[in-house]
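Each remark here refers to the structure printed beneath this line.
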Amino acid sequence: MRVAVLASGRGSNLAALLEARSRGELPVEFVLVASDKATAGALRLAEAAGIPTLALAPRSYPDRRAFDRDLFTRTADSGAELLVLAGFMRILDGETLAPWVGRMINIHPSLLPKYRGLHTHRRALEAGDREHGASVHFVTAELDGGPVIAQARMAIQPGDDEDRLAQRLLSHEHRLLPAVLALLATRRLQWQNQAPQLDGQALTAPLVLGEQGLQHAE
Ligand code: GAR
């Protein structure tokens with residue numbers, strides 16, 4: 001499966017995808033890594049891995065829709081069948097993304113539907129939550145609101161602050177995102193009737209990341 005990755009930042013989730021592919025666990029071809037930030041670490045990682053890159057500056061466009069249209073046109077031109085948002089920090093225009101619904105996933109650092117948007121670690125701490133986590137979901141026009149495919153959960157520990165929590169969660173994210181992408185790449189996970197389907201059955205609750213990989217929730 002031909003995959004494009006969109007990323008705005010350092011790219012540790014992209015690095016995890018590249019490593020999973022090198023280990024032979026991810027039957028995909030990365031055809032493009034695109035960013036809204038020319039300085040994104042993700043672009044340097046892609047270059048080092050020999051993957052075509054694209055950096056587009058939002059300020060060069062009259063509005064969000066014009067930027068998104070160009071980004072999605074070029075992404076489609078790369079031959080990508082599937083888009084992975086791995087730390088892509090822009091809200092996407094609903095009309096522009098519509099043709100990609102079911103073919104685009106995002107990793108978000110919270111146990112959705114909790115804490116859509118920004119500052120998820122801080123919000124979990126401020127709420128006194130005992131548990132935190134990350135979610136991978138299909139992207140729809142609703143911000144961080146598309147159907148959740150899988151989650152990684154972890155306990156919040158005494159003494160956790162925003163940075164510690166974010167750092168610890170990242171190691172879970174780095175297992176979660178490749179695991180979900182592998183399900184899509186092998187076509188076990190599909191988008192049918194506006195909903196996720198796993199092995200031909202509707203996915204009624206998010207999968208959970210355990211020691212052995214993704215499992216059905218108990
Ligand atoms: C990750 O924690 C990811 O979950 C988050 O940005 C970070 C990117 O890190 N994504 C979002 O907040 C999306 N709303 P990375 O650049 O090292 O992969």
Side-chain angles (χ1 to χ4, degrees), residues 3-22 26 28 30 32-49 51 53-55 58 64 67-68 71 83-94 97 100 104-126 129 131-154 156 160-181 206-209 214:
V3 175
V5 177
L6 307 189
S8 302
R10 89 202 120 181
S12 71
N13 275 290
L14 171 65
L17 294 176
L18 297 177
E19 283 159 22
R21 187 179 183 282
S22 299
L26 206 46
V28 301
F30 292 107
L32 181 71
V33 173
S35 184
D36 57 323
K37 299 244 180 339
T39 54
L43 293 175
R44 306 291 90 76
L45 283 171
E47 283 161 10
I51 300 165
T53 60
L54 171 69
R64 177 182 305 281
F67 174 85
D68 287 355
L71 176 65
L83 294 192
V84 177
L85 308 187
F88 189 65
M89 301 307 284
R90 284 177 59 84
I91 294 172
L92 291 167
D93 173 64
L97 71 77
W100 288 90
M104 173 161 45
I105 58 171
N106 177 45
I107 182 154
H108 182 75
S110 80
L111 292 172
L112 290 171
K114 276 188 162 185
Y115 314 130
R116 297 176 182 183
L118 297 174
H119 310 303
T120 57
H121 315 298
R122 189 190 310 167
R123 287 156 71 198
L125 287 167
E126 282 172 0
D129 290 355
E131 200 183 32
H132 190 39
S135 306
V136 175
H137 64 95
F138 279 109
V139 176
T140 62
E142 194 182 347
L143 177 68
D144 299 326
V148 177
I149 301 161
Q151 294 182 316
R153 314 182 84 95
M154 67 175 209
I156 294 182
D160 269 344
D161 60 15
E162 215 176 319
D163 286 347
R164 232 174 88 163
L165 205 52
Q167 193 58 39
R168 209 163 66 249
L169 186 58
L170 266 184
S171 60
H172 295 269
E173 292 187 36
H174 295 163
R175 292 177 53 227
L176 181 66
L177 187 57
V180 173
L181 185 55
L207 299 169
V208 177
L209 185 68
L214 292 174

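Just follow the structure's listing: the first ligand is 1, and inside any ligand the first atom is 1.
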Do the side-chain N and O atoms of T120 and H108 include a donor-acceptor pair separated by under 3.5 angstrom? no
What does the 4.0 Å heavy-atom contact list look like for ligand 1? G9, R10, G11, S12, N13, G87, M89, I107, H108, P109, L170, E173
Could R44 and E47 be called an ion pair, given the rule that one side-chain N must be under 4.0 Å from one carboxylate O? yes
Hits for salt bridge (Lys or Arg N to Asp or Glu O under 4.0 Å) against R64, two or more places apart or cross-chain, chain-then-number order -> none
Do D129 and K114 pass the salt bridge (Lys or Arg N to Asp or Glu O under 4.0 Å) test, and can you show the C-alpha distance, the side-chain angles, and the key distance before you say yes or no? CA-CA 11 Å; D129 290 355; K114 276 188 162 185; 3.2 Å; yes
By side-chain hydrogen bond (donor to acceptor under 3.5 Å, both in side chains) - contacts of Q167 (at least two apart): none
What residue pairs, at least two apart or across chains, pass salt bridge (charged side-chain N to carboxylate O under 4.0 Å, His left out) with a residue in residues 165-178? D160-R168
